[in-house]
Asker: 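Have a look at this one.
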Protein chains: 4
Amino acid sequence: MRVPADERRRALIQAAIEVVAEHGIEGATTRRIAERAGSPLARLHYCFSSKEELIVAIFESLANDQFEAAVHIRPGVGLGRAAASMLRQLAAWIDREPTFARAQVELVFWIARQKDSMASKVYQMAVDVFAERLREGMRDDDDPNLVELFAKMIAAYGDGMVVQGVAFGHKGIREDLLDTTAESFERLAEAHRLVH
Amino acid sequence: MRVPADERRRALIQAAIEVVAEHGIEGATTRRIAERAGSPLARLHYCFSSKEELIVAIFESLANDQFEAAVHIRPGVGLGRAAASMLRQLAAWIDREPTFARAQVELVFWIARQKDSMASKVYQMAVDVFAERLREGMRDDDDPNLVELFAKMIAAYGDGMVVQGVAFGHKGIREDLLDTTAESFERLAEAHRLVH
Amino acid sequence: MRVPADERRRALIQAAIEVVAEHGIEGATTRRIAERAGSPLARLHYCFSSKEELIVAIFESLANDQFEAAVHIRPGVGLGRAAASMLRQLAAWIDREPTFARAQVELVFWIARQKDSMASKVYQMAVDVFAERLREGMRDDDDPNLVELFAKMIAAYGDGMVVQGVAFGHKGIREDLLDTTAESFERLAEAHRLVH
Amino acid sequence: MRVPADERRRALIQAAIEVVAEHGIEGATTRRIAERAGSPLARLHYCFSSKEELIVAIFESLANDQFEAAVHIRPGVGLGRAAASMLRQLAAWIDREPTFARAQVELVFWIARQKDSMASKVYQMAVDVFAERLREGMRDDDDPNLVELFAKMIAAYGDGMVVQGVAFGHKGIREDLLDTTAESFERLAEAHRLVH
DNA sequence: CATGAATGAGGGTTCATTCAT
DNA sequence: AATGAATGAACCCTCATTCAT
């Protein structure tokens, strides 16, 4: 009978993610989370010793399940174009799942306050996913030193887009911004192209 | 006797920023803010009609006082170099005043949830400050259409840096990231240079 | 310069009456009263040592100015018809000035709690006005013992109408109720008619 | 364990009634009510979702428990005598439970300000109880159209008696008033008697 | 094991009142 | 004498959490 217990944890975690996304951390009350999960309030404290523990559990869940599926890169397309494409795909994902994207950014702030070390571990996970994908898109004459850099720039720009999206409602001039940055990625990769 | 009133507003705003940075939005209660400012709770509602108004005032303070003082552009230096320089100065400010910077980003989330329209107004304030400074740095053959774009990119990158800074504790590899982006700004402006 | 001070008291009293009528006693805050009177808040406590004193002053004002003008009786019309007519006029006044009528009833409760004796004095004033008018309408063969009774019945029915009006919004079946009661007044006077 | 919950609701309702009667609506704070009921403040909001709901519950309690128990009509006694008797019983109840009676009238004012529609629903509850009892007392030749009318008159007169009782301290001349009105009820029913 | 019932602590806000000028 | 500035106390309500079963 371990499985039901695990399922209940999972359901609560998923509910917590959704509630944080919709109402922010301050609006993520235990009642709302329990209600969303269709579980009695007391169960939340039966499965997790505190609200804090539940929110930390969100990150473990994110690491295992969520991030990998969103980005695909055509192998050998070149680092600049890979980065440009990835940025667009990230932007598309943010548009597709804005609540989820927002929740993630908010949780970075929250978790840094609770458990400083956890924040960097979690953030790095996302960067690693980006970097791995970028490597798949590299050509022979691309500079490998750019990969980590690009990954972090993409991550940072993603966060920036989320914040601006929150402010401006995800509509409007974002497209220009995207083109421009993508363009600069390609330019940059080109400039750093290795001579053989 | 107007001045003391203003000073008290300022003190409350400063306290609010600090409390948000330390405890997050969820922990930024009116009581804590008042206590930090060394003022009775009722004064907060005497100076600001609501907590929301206080939060909005934070943005005004940031835009009017902080950003304006933090960023200086040499006139006529050229749009690309102006943008590059501005990005660095913004990064320096984020390092110098991580408290302010973090608070600002968190508050964007909060304010968007309270009053959607307010968020864009408030975010635009910062963008406007950046744009104005950029215009001062323009040369004759710079493309004016790039100004708003650059301003928003700088803002977005700033937010991204803040989030990454929260995650990684403001130490480390950020310098490379900065160089790269600054470089891309210059490149971009060059490419869009007008023909006379 | 005594007059301005008196005028200010009067203005505050009038404002208080209006505010109580609109918002009830619980909604009659000092701020609202001062605002309605167009006076600074502090003046209220300069003219009246407390909110309680102001509300007590309302009754003195009512005694002097308000009640007498509302009811007129044709002399010699007979006690039953006079009472019937008076009831209708009272009802009309309640319709015309519902907020004022409500305020008066609410204040009876309030003042009874503050100063028990004052309540009966004030209520009796209204009864006396009714009784006096009724006497003007008497015929020779009317029973004088009925006068005080009718006056109190009218007062009580007036209060009852106010309460029911509050509940049902002053519309509807009240007319029937009125006819019926008026009819019963006439019947009663007839039955008690003196034999000469 | 349902019963204790119900008892606690009842205790809070009873406490609320007493506090309203003692301190008026303005003085009927949740704290005072909870304290009077000997319960922690939070329990009030656990049993009733809001203060408004508690106040509404007072009316239900009055209509269902108090009035029903207070008024008994001998079947077939005739509408006029039934109404007359009911008025006397209501008066007796007001004397017996002045606390309840005063609270009820004050609350009509309060509830009308919170939610206009609720006031009529709540007032009608009491009228319905009266009407039902009156119907039990009807004879074949009584006019059924009088029932609702009588019920409302009784309610209105009851309210009037309460207000006068508040003013005069429940002593004195009320008895005459009662006789007179009761008499008029009987007269009226007689006059409307149906012909078969 | 699981949960309905219960609550102390604290949330944002408004009040009548007083102070300093 | 007159009032803008200021505030302690209290408002209704909701929170995360812990009991009792």
Side-chain angles (χ1 to χ4, degrees), chain A residues 1-2 4-5 8 25-34 39-55, chain B residues 1-9 23 25-35 39-55 114, chain C residues 1-2 4-5 8 26-34 39-55, chain D residues 1-9 25-35 39-55 114:
Chain A
M1 274 304 182
R2 259 286 121 74
R8 284 172 169 185
I25 288 235
E26 47 146 10
T29 66
T30 50
R31 265 172 175 65
R32 260 206 269 253
I33 293 169
S39 89
L41 174 57
R43 184 188 291 167
L44 194 151
H45 280 87
Y46 185 67
C47 293
F48 302 90
S49 70
S50 73
K51 185 184 164 184
E52 182 183 325
E53 199 194 288
L54 167 57
I55 295 191
Chain B
M1 270 307 183
R2 265 285 126 70
V3 181
D6 253 32
E7 270 171 31
R8 283 172 166 185
R9 275 181 69 96
H23 301 276
I25 287 164
E26 40 149 9
T29 68
T30 51
R31 275 166 176 75
R32 253 207 272 254
I33 293 169
E35 191 187 17
S39 89
L41 175 56
R43 183 189 291 169
L44 192 152
H45 285 282
Y46 182 66
C47 293
F48 303 90
S49 68
S50 70
K51 187 180 168 182
E52 183 186 320
E53 202 193 284
L54 168 58
I55 304 291
Q114 308 299 312
Chain C
M1 272 304 183
R2 261 285 120 74
R8 284 172 169 183
E26 47 146 10
T29 66
T30 51
R31 265 171 175 66
R32 260 207 268 253
I33 293 169
S39 90
L41 174 58
R43 183 189 290 168
L44 193 151
H45 280 88
Y46 185 67
C47 294
F48 302 91
S49 69
S50 73
K51 185 183 164 184
E52 182 184 325
E53 198 194 289
L54 167 58
I55 296 191
Chain D
M1 271 304 185
R2 264 286 126 70
V3 181
D6 253 32
E7 268 171 32
R8 283 173 167 186
R9 275 180 71 96
I25 288 163
E26 41 148 8
T29 68
T30 51
R31 273 164 177 71
R32 255 206 271 252
I33 292 169
E35 192 188 15
S39 89
L41 175 56
R43 183 189 292 169
L44 192 152
H45 286 282
Y46 181 68
C47 293
F48 303 91
S49 68
S50 70
K51 187 180 166 181
E52 183 185 319
E53 202 193 284
L54 168 57
I55 304 289
Q114 308 299 313

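Keep in mind the model is a prediction, meaning the values are calculated, not measured. Here is the naming used below: chain letters follow the sequence lines, and residue numbers restart at 1 for every chain. The figures here come from the full heavy-atom set of this structure, side chains too, leaving out hydrogens, waters and symmetry mates.
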Asker: Is a donor on one side and an acceptor on the other found under 3.5 Å between the side chain of D/Arg43 and the backbone of D/Ala34?
Answerer: no
Asker: Please give the nucleotide sitting opposite F/dC15 as a Watson-Crick or G-U wobble pair, both distances under 3.5 Å, or none.
Answerer: E/dG8
Asker: Measure from NE2 on D/His45 to P on F/dC11 and round the result to the nearest Å.
Answerer: 11 Å
Asker: I'd like to check B/His23 versus B/Thr29 (side-chain heavy atoms, cut-off strictly below 4.5 Å). Are they in contact?
Answerer: no
Asker: Measure NZ/A/Lys51 against C1'/F/dC15 and give the value in whole Å, please.
Answerer: 8 Å
Asker: Measure from CD on A/Glu26 to C1' on E/dG12 and round the result to the nearest Å.
Answerer: 12 Å
Asker: Does B/Glu53, at its CD atom, have more than 12 non-hydrogen atoms belonging to other residues, nucleotides or ligands within less than 6.0 Å?
Answerer: yes
Asker: Just checking C/Leu41: base, sugar-phosphate only, or nothing, at a heavy-atom cut-off of under 4.0 Å?
Answerer: base
Asker: Less than 4.0 angstrom between a side-chain N/O of C/Tyr46 and OP1 or OP2 of F/dA2, yes or no?
Answerer: no
Asker: For the pair made of CG in B/Leu44 and P in F/dA6, what is the distance, rounded to whole Å?
Answerer: 13 Å
Asker: Just call it for A/Thr30: base, sugar-phosphate, or nothing, with non-hydrogen atoms closer than 4.0 Å on any strand.
Answerer: base
Asker: Would you indicate whether D/Glu52, at its atom CD, is surrounded by more than 12 heavy atoms from other residues, nucleotides or ligands within a distance under 6.0 Å?
Answerer: yes
Asker: Starting at CD1 of A/Ile33 and ending at C1' of F/dC15, how long is that distance when rounded to a whole Å?
Answerer: 12 Å
Asker: Between B/Ser49 and C/Ser50, which residue's closest nucleotide on DNA chain E lies nearer the 5′ terminus?
Answerer: B/Ser49
Asker: Starting at atom CD of B/Gln114, determine the distance to atom P of E/dG11, rounded to an integer number of angstrom.
Answerer: 16 Å
Asker: Using Watson-Crick or G-U wobble geometry with both distances under 3.5 Å, which nucleotide pairs with E/dT21?
Answerer: F/dA2
Asker: Check whether any side-chain nitrogen or oxygen of B/Arg8 sits under 4.0 Å from OP1 or OP2 of F/dA6, and answer yes or no.
Answerer: yes
Asker: Expressed in angstrom and rounded to an integer, what is the separation of B/His23 atom NE2 from E/dG11 atom P?
Answerer: 11 Å
Asker: Nearest nucleotide by nearest heavy atom, which residue falls closer to the 5' end of DNA chain E, C/Ala42 or B/Arg32?
Answerer: B/Arg32
Asker: Please state how far atom CD1 in C/Ile55 lies from atom P in E/dC15, giving the value in whole angstrom units.
Answerer: 14 Å
Asker: Determine the minimum heavy-atom distance between D/Lys51 and D/Ile25, stating which atoms define it.
Answerer: NZ-O, 4.4 Å
Asker: I'd like to know if B/Arg31 reaches the base of E/dG12 with its side chain, counting only an N/O donor and acceptor under 3.5 Å.
Answerer: yes
Asker: Does F/dT7 have OP1 or OP2 sitting under 4.0 Å from an N or O in the side chain of B/Arg43?
Answerer: yes
Asker: Students often get this wrong, so: under 4.0 angstrom with heavy atoms, is A/Ala28 touching a base, only sugar-phosphate, or nothing?
Answerer: sugar-phosphate
Asker: Taking for each residue the nucleotide of DNA chain F bearing the nearest heavy atom, is the 5' side occupied by C/Pro40 or by D/Gly27?
Answerer: C/Pro40
